[in-house]
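Reviewing the structure listed below.
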Amino acid sequence: MTSVSITLSALSVSLSTTEPPSLRNPSNLTPCNLSTSFLGRKLSVGIPHSNKLALKHTTAVATILFSLPTGKPERKSSQWSARAIKSFAMGELEARKLKYPNTGTEALLMGILVEGTSIAAKFLRANGITLFKVREETVKLLGKSDMYFFSPEHPPLTEPAQRALDWAVDQKLKSGDSGEITVTHLLLGIWSEKESAGHKILVSLGFDDEKAKELSVSMDKDYVPSYK
């Protein structure tokens with residue numbers, strides 16, 4: 001039997017590192033050296049500067065942070081606090097979790113408790129009003145949504161919820177203060193809507209006008225480090 005011997009020679013691979021003229025020292029690239037064990041050479045990779053993009057992003061965030069939906073676009077604009085903005089965003093999320101088509105006063109109330117760090121949220125918890133209880137009362141009052149229904153990304157506000165926001169803005173403007181609209185403004189705005197789901201849930205959990213009056217003393221503050 002004849003044996004056949006086959007010899008394979010090493011395959012030589014070469015990489016051209018010549019850069020096109022248009023890529024030599026571009027003004028918007030930062031060189032970063034990478035090495036490869038396969039080729040034993042260093043490659044220069046350009047990473048775009050993100051300063052311009054960051055500036056655009058910052059502007060967009062600032063626009064979002066200082067405004068919430070209003071039913072009175074002709075009115076002088078006011079600045080909401082970061083905690084109030086987060087409470088509103090968490091309210092939208094709670095509405096979506098329950099698969100509700102709209103963000104109502106009950107969802108805004110849950111959003112305040114989800115955010116959790118404001119004076120208003122701490123006051124509610126100190127009086128036995130928790131997220132679990134509010135969510136439970138919401139389902140009792142409004143029922144469960146169809147399991148196959150999907151809420152929009154930003155469920156539109158119900159009329160009572162929009163009026164609650166507008167009430168908060170009006171109160172801030174009436175005060176003549178230049179500070180921010182706080183979570184307490186938002187909570188008392190919900191309380192002002194007597195026929196709303198949020199108001200009814202607060203009543204069922206023991207909130208009343210006396211507690212609203214007590215809370216209104218700290219209306220212009222969102223956070224006090226020593227508050228318990």
Side-chain angles (χ1 to χ4, degrees), residues 63-75 77-116 118 120-121 123-124 129-174 180-209 211-212 215-216 219 222:
T63 301
I64 295 170
L65 284 181
F66 296 149
S67 63
L68 283 180
T70 177
K72 303 175 182 178
E74 73 285 350
R75 179 183 48 195
S77 60
S78 300
Q79 179 177 321
W80 290 81
S81 71
R83 285 182 173 83
I85 293 288
K86 186 175 180 181
S87 296
F88 177 83
M90 293 300 99
E92 284 190 328
L93 184 59
E94 287 301 308
R96 292 183 65 194
K97 283 181 180 178
L98 292 172
K99 297 189 174 183
Y100 287 166
N102 298 93
T103 300
T105 52
E106 73 291 337
L108 296 179
L109 179 57
M110 286 187 278
I112 290 171
L113 289 163
V114 172
E115 190 282 325
S118 67
F123 184 88
L124 290 174
I129 302 174
T130 64
L131 174 62
F132 178 80
K133 289 179 181 178
V134 172
R135 190 179 285 141
E136 190 176 50
E137 290 298 316
T138 296
V139 173
K140 283 182 185 178
L141 184 64
L142 302 179
K144 293 183 178 180
S145 183
D146 188 327
M147 65 178 295
Y148 297 107
F149 176 80
F150 291 95
S151 299
E153 184 177 357
H154 298 287
L157 290 168
T158 60
E159 289 186 12
Q162 183 62 74
R163 287 196 299 268
L165 293 182
D166 291 335
W167 183 95
V169 176
D170 288 339
Q171 290 302 305
K172 187 62 183 180
L173 293 176
K174 285 178 184 177
E180 297 174 320
I181 306 169
T182 65
V183 180
T184 301
H185 284 102
L186 177 58
L187 177 57
L188 294 180
I190 295 169
W191 182 248
S192 72
E193 287 296 312
K194 305 296 184 184
E195 299 301 317
S196 70
H199 181 96
K200 292 175 181 177
I201 290 168
L202 284 169
V203 170
S204 70
L205 295 175
F207 196 87
D208 55 26
D209 287 332
K211 288 184 173 61
L215 183 58
S216 67
M219 188 180 287
D222 244 352

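Every value quoted in this text rests on a predicted model; they were computed, and no experiment measured them.
The two residues Pro160 and Ser196 come nearest to each other via the heavy atoms CB-CB, 3.9 Å. Across all their heavy atoms, Glu106 and Ile201 have their closest contact at CB-CD1, 3.7 Å. Here the closest heavy-atom approach between residue Leu109 and residue Gly198 is recorded as CD2-O, 4.0 Å. Shown here for Gly189 and Ser192, the closest heavy-atom pair between the two residues is O-OG, 2.5 Å. Between Ser204 and Glu137, the closest heavy-atom pair is OG-OE1, 3.5 Å. When every heavy atom of Ser87 is checked against every heavy atom of Ile112, the shortest pair comes out as OG-CA, 3.8 Å.
For Lys194, the salt bridge (charged side-chain N to carboxylate O under 4.0 Å, His left out) test picks out Asp209, with sequence neighbours left out. Applying the salt bridge (charged side-chain N to carboxylate O under 4.0 Å, His left out) rule to Lys144 yields no partners; only residues at least two apart in sequence or on another chain are considered. Take Lys211 and apply the salt bridge (charged side-chain N to carboxylate O under 4.0 Å, His left out) test, not counting sequence neighbours, and it matches no residue.
Side-chain atoms of Leu124 and Leu202, non-hydrogen and from C-beta on, do get closer than 4.5 Å to each other. Inter-residue side-chain proximity for Phe88 and Leu157 is flagged as met; some heavy-atom pair is nearer than 4.5 Å. Counting heavy atoms from C-beta on, the side chains of Val114 and Leu131 come closer than 4.5 Å. You'll find the side chain of Val169 stays beyond 4.5 Å of the side chain of Leu165, heavy atoms only. In this structure, Leu113 and Thr130 have side chains that are not in contact, with every pair of non-hydrogen atoms separated by 4.5 Å or more.
Residue Glu193 is tested with His199, Arg163, Gln162 for a side-chain hydrogen bond (donor to acceptor under 3.5 Å, both in side chains); the sole match is Arg163.
Remark: Gln171 CD to Thr182 OG1 distance equals 11.0 Å, nearest 0.5 Å. Taking CD of Glu180 as the reference point, atom CZ of Arg83 lies at 10.0 Å (rounded to 0.5 Å). Atom-to-atom distance recorded for Tyr100:OH and Thr158:OG1 is 12.5 Å, nearest 0.5 angstrom. Atom NE2 of His185 is separated from atom CG of Asp222 by 9.5 Å, given to the nearest 0.5 angstrom.
One finds a salt bridge joining Glu94 and Lys97 here, because a Lys/Arg side-chain nitrogen approaches an Asp/Glu carboxylate oxygen to under 4.0 Å.
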**Report entry** side-chain contact (heavy atoms from CB on, under 4.5 Å) between Met110 and Met90, intermediate numbers included
**Finding:** CA-CA 8 Å; Met110 286 187 278; Met90 293 300 99; over 6 Å; no
Query - Criterion side-chain contact (heavy atoms from CB on, under 4.5 Å) on Trp167 and Trp191, from CA distance to verdict - result: CA-CA 10 Å; Trp167 183 95; Trp191 182 248; over 6 Å; no
Query raised in the report: Should Leu188 and Ser216 be marked as a side-chain contact (heavy atoms from CB on, under 4.5 Å) after you check the CA-CA gap, both sets of side-chain angles, and the distance that decides it?
Result: CA-CA 8 Å; Leu188 294 180; Ser216 67; 3.8 Å; yes
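At distances below 3.5 Å, not a single donor-acceptor pair connects side-chain atoms of Thr105 with backbone N or O atoms of Ile190. With hydrogens and angles ignored, the 3.5 Å screen pairs no side-chain donor or acceptor of Thr103 with any backbone N or O of Glu92. In this structure, Asn102 contributes its side chain and Pro156 its backbone to a donor-acceptor pair below 3.5 Å.
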